[in-house]
Amino acid sequence: MTPTILVTGGCGFIGANFVRLIHAERPGWRIINVDKLTYAGNPQNLAGIEEGENYRFVRVDICDAPAMRQLFFEEKVDTVAHFAAESHVDRSIAGPAAFIETNILGTFTLLEAARSLWLGSSWQGNAPCFLHVSTDEVYGSLGTGGYFTETTAYAPRSPYSASKASSDHLAAAYFHTYCLPVRITNCSNNYGPYQFPEKLIPLIFNNALHGKPLPVYGDGKNIRDWLYVKDHCRAILLVIEQGKDGESYNIGGHNEKQNIEVVTTICDILDEKRGLLPTGRPRRELIAFVKDRLGHDRRYAIDPAKIQAELGWQPEMGFASGIAATIDWYLANTAWVNAVIDGSYQKYYTEMYGQALA
Ligand code: NAD
Ligand code: DAU
């Protein structure tokens with residue numbers, strides 16, 4: 001039987017890229033996209049994917065236990081790709097409550113729904129798989145050397161990363177305690193099409209395009225390890241299809257960059273593609289060093305040796321070509337960018353689904 005996959009958070013950045021990938025490359029799969037449509041969820045990220053036999057969208061909160069249980073049973077879900085989360089570190093510092101609810105309680109609710117269906121005596125479907133999508137931030141912060149491996153001790157340092165670490169522990173505990181077929185992925189920073197412009201790369205792109213100041217936290221020397229979103233999505237699909245239950249897999253492409261390097265790269269590409277600012281000056285002059293993020297982790301760097309050796313995964317996109325492709329995508333999709341920036345994407349789905357936003 002072809003899989004019925006429940007994708008949570010499929011209207012967000014990575015979830016939408018993942019839905020697009022499996023819709024295109026696994027055409028027989030039935031995709032159930034469950035998304036609450038918070039500010040970060042945008043159905044326009046899935047424009048062109050129509051409701052039908054292979055795709056269903058359900059607007060619901062993953063913390064709604066009766067609704068989750070009903071959906072698992074009604075659809076006979078056999079595969080879960082769990083992306084839904086509050087994902088932005090700065091928001092978690094300003095208001096952690098939603099992170100605790102969605103990231104911890106939401107994950108717990110999904111694990112319980114999966115447990116009651118798959119471990120019940122009447123389950124006769126495919127061998128099930130619960131893929132929990134997580135982050136390298138659970139490992140804390142690195143000094144100048146070393147990498148995060150799957151055996152690095154967890155040391156989360158923001159409310160966001162603590163909530164993700166907690167959800168990872170719950171997912172792992174369901175494997176050890178109940179033998180629920182759980183797999184976990186911990187990935188580094190993603191970039192690419194459909195990313196909400198609160199995150200560094202789309203934020204800097206938009207501000208630089210419009211000649212606005214480019215806020216760089218602290219000294220700009222914090223390091224992130226960047227991965228093109230499609231490479232992340234391919235890795236997740238590979239773990240679903242070929243990974244082992246109870247295992248976790250680190251995903252990253254060895255693209256460590258200081259934030260200031262990322263920002264100047266975007267400035268230079270835009271200068272080249274769009275010409276200098278109206279003042280005749282380069283966009284680098286818009287850079288403004290601002291107050292640092294509280295508890296700002298200094299460096300993340302993933303060692304992806306396990307997924308490379310065991311599953312044969314390799315990233316296809318290096319940073320130089322990935323950032324150029326990303327900027328080309330944003331420049332070619334101004335309608336999407338403008339709707340997100342001016343908030344009109346929210347009107348579109350409030351009209352479509354008839355409810356106020358969370
Ligand atoms: P995002 O913020 O762009 O999207 C999150 C999606 O989840 C949105 O569509 C939102 O509406 C939905 N959602 C939020 N709360 C929900 C709830 N209670 N019920 C149902 N839906 C809800 O996030 P993203 O950047 O695409 O990240 C997706 C996942 O990948 C997250 O679990 C994140 O921790 C993880 N991750 C992200 C990165 C990254 O660089 N963005 C890297 C590694 C791991
Ligand atoms: O490492 C994976 C994580 O990457 C994911 O788990 C998170 O969901 C995702 O949001 C991302 O977290 P970061 O905090 O690393 O991403 P962000 O884009 O917010 O910031 C990247 C770096 O840029 C970080 O060091 C903070 C800095 N920054 C960010 C913003 C928004 C700035 O200097 N200026 C800014 O305006």
Side-chain angles (χ1 to χ4, degrees), residues 1-10 14-15 18-19 21-23 26-36 53-85 101-134 150 163-186 233 235-249 251 307 310-311:
M1 273 196 298
T2 51
T4 296
I5 183 167
L6 184 100
V7 178
T8 70
I14 308 173
F18 182 76
V19 168
L21 178 76
I22 50 174
H23 193 260
R26 297 293 181 274
W29 290 25
R30 177 159 168 79
I31 303 166
I32 315 297
N33 174 12
V34 164
D35 199 302
K36 180 182 173 183
E53 205 177 307
N54 290 342
Y55 178 72
R56 176 182 174 195
F57 173 66
V58 185
R59 185 184 187 189
V60 65
D61 188 331
I62 56 165
C63 299
D64 183 338
M68 285 303 106
R69 191 185 150 91
Q70 191 190 328
L71 201 56
F72 269 75
F73 278 77
E74 177 187 317
E75 290 285 355
K76 298 186 179 56
V77 168
D78 53 41
T79 308
V80 174
H82 174 34
F83 294 90
E101 281 161 22
T102 288
N103 300 1
I104 305 177
L105 292 178
T107 302
F108 162 70
T109 304
L110 290 166
L111 289 165
E112 277 292 282
R115 181 165 83 96
S116 58
L117 177 64
W118 299 341
L119 304 186
S121 52
S122 61
W123 177 251
Q124 290 178 335
N126 293 324
C129 169
F130 189 114
L131 190 289
H132 174 63
V133 179
S134 192
E150 289 79 2
S163 69
K164 291 296 292 187
S166 176
S167 64
D168 290 13
H169 288 317
L170 272 174
Y174 270 63
F175 171 75
H176 291 289
T177 307
Y178 304 113
C179 295
L180 194 79
V182 167
R183 301 168 193 179
I184 299 173
T185 53
N186 296 90
C233 292
I236 288 170
L237 184 54
L238 195 60
V239 173
I240 288 172
E241 293 187 320
Q242 295 179 35
K244 284 195 196 138
D245 293 341
E247 294 287 316
S248 63
Y249 298 88
I251 306 170
I307 191 168
E310 293 186 11
L311 304 184

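- Once rounded to the nearest 0.5 Å, the distance linking SG of C233 with CG of L21 reads 6.0 Å.
- Listed here is the closest heavy atom pair of A81 and I240: CB-CD1, 4.3 Å.
- Contact of the L311 side chain with the V239 side chain is registered, since non-hydrogen atoms from C-beta on lie closer than 4.5 Å.
- Atom CZ of F175 sits about 11.0 Å away from atom OG of S248, to the nearest 0.5 Å.
- If you take NZ on K36 and OG1 on T8, they are separated by 13.0 Å, rounding to the nearest 0.5 Å.
- Contact check for Q70 versus V60: no side-chain heavy atoms found under the 4.5 Å cut-off.
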Taking distance alone, no hydrogens or angles, what donor-acceptor pairs closer than 3.5 Å link side-chain atoms of residues 105-115 to residues at least two apart or in another chain?
| unit_1 | atom_1 | unit_2 | atom_2 | d |
| --- | --- | --- | --- | --- |
| T107 | OG1 | H82 | NE2 | 2.9 |
| T107 | OG1 | N103 | O | 2.6 |
| T109 | OG1 | L105 | O | 2.7 |
| E112 | OE2 | R115 | NE | 3.0 |
| E112 | OE2 | R115 | NH2 | 3.4 |
| E112 | OE2 | Y174 | OH | 2.7 |

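- Of all the heavy atoms in D64 and P66, the pair that sits closest is OD1-CD, 3.2 Å.
- The shortest distance between side-chain heavy atoms of R26 and I5 does not fall below 4.5 Å.
- For the residue pair D168 and H132, a side-chain donor N or O sits within less than 3.5 Å of a side-chain acceptor on the partner.
- For N186 (side chain) and S134 (main-chain N/O), no donor-acceptor pair under 3.5 Å exists by modelled atom type.
- Shortest non-hydrogen contact noted between L117 and W123 is O-CB, 3.5 Å.
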| query | side-chain contact (heavy atoms from CB on, under 4.5 Å) between L71 and V77: does it pass, once the steps are laid out? | reply | CA-CA 8 Å; L71 201 56; V77 168; 5.6 Å; no
| task | Kindly determine whether S116 and F72 satisfy side-chain contact (heavy atoms from CB on, under 4.5 Å), including the steps that lead there. | result | CA-CA 9 Å; S116 58; F72 269 75; over 6 Å; no
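- Electrostatic pairing of D245 and R183 counts as a salt bridge here, judged by a charged N lying under 4.0 Å from a carboxylate O.
- When all heavy atoms are compared, the tightest approach of Y55 to V19 is CE1-CG1, 4.1 Å.
- A heavy-atom distance below 4.5 Å is not found between the side chains of F18 and V133.
- Of the possible donor and acceptor atoms, one in the side chain of N54 sits under 3.5 Å from a partner among the backbone N and O of P27.
- The structure places CG of D35 at 14.0 Å from CD1 of I32, a figure rounded to the nearest 0.5 Å.
- A distance-only check finds no donor-acceptor pair linking the side chain of W118 to the backbone of G125 [under 3.5 Å].
- Rounding to the nearest 0.5 angstrom, the gap separating the CD1 atom in I251 from the CD1 atom in I307 is 4.5 Å.
- If you take NZ on K76 and CE on M1, they are separated by 9.0 Å, rounding to the nearest 0.5 Å.
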| task | Could you go through the side-chain contact (heavy atoms from CB on, under 4.5 Å) check for K244 and Y249 one step at a time? | result | CA-CA 10 Å; K244 284 195 196 138; Y249 298 88; 3.8 Å; yes
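- No more than 12 heavy atoms of other residues, nucleotides or ligands shown are found within 6.0 angstrom of CD on E53.
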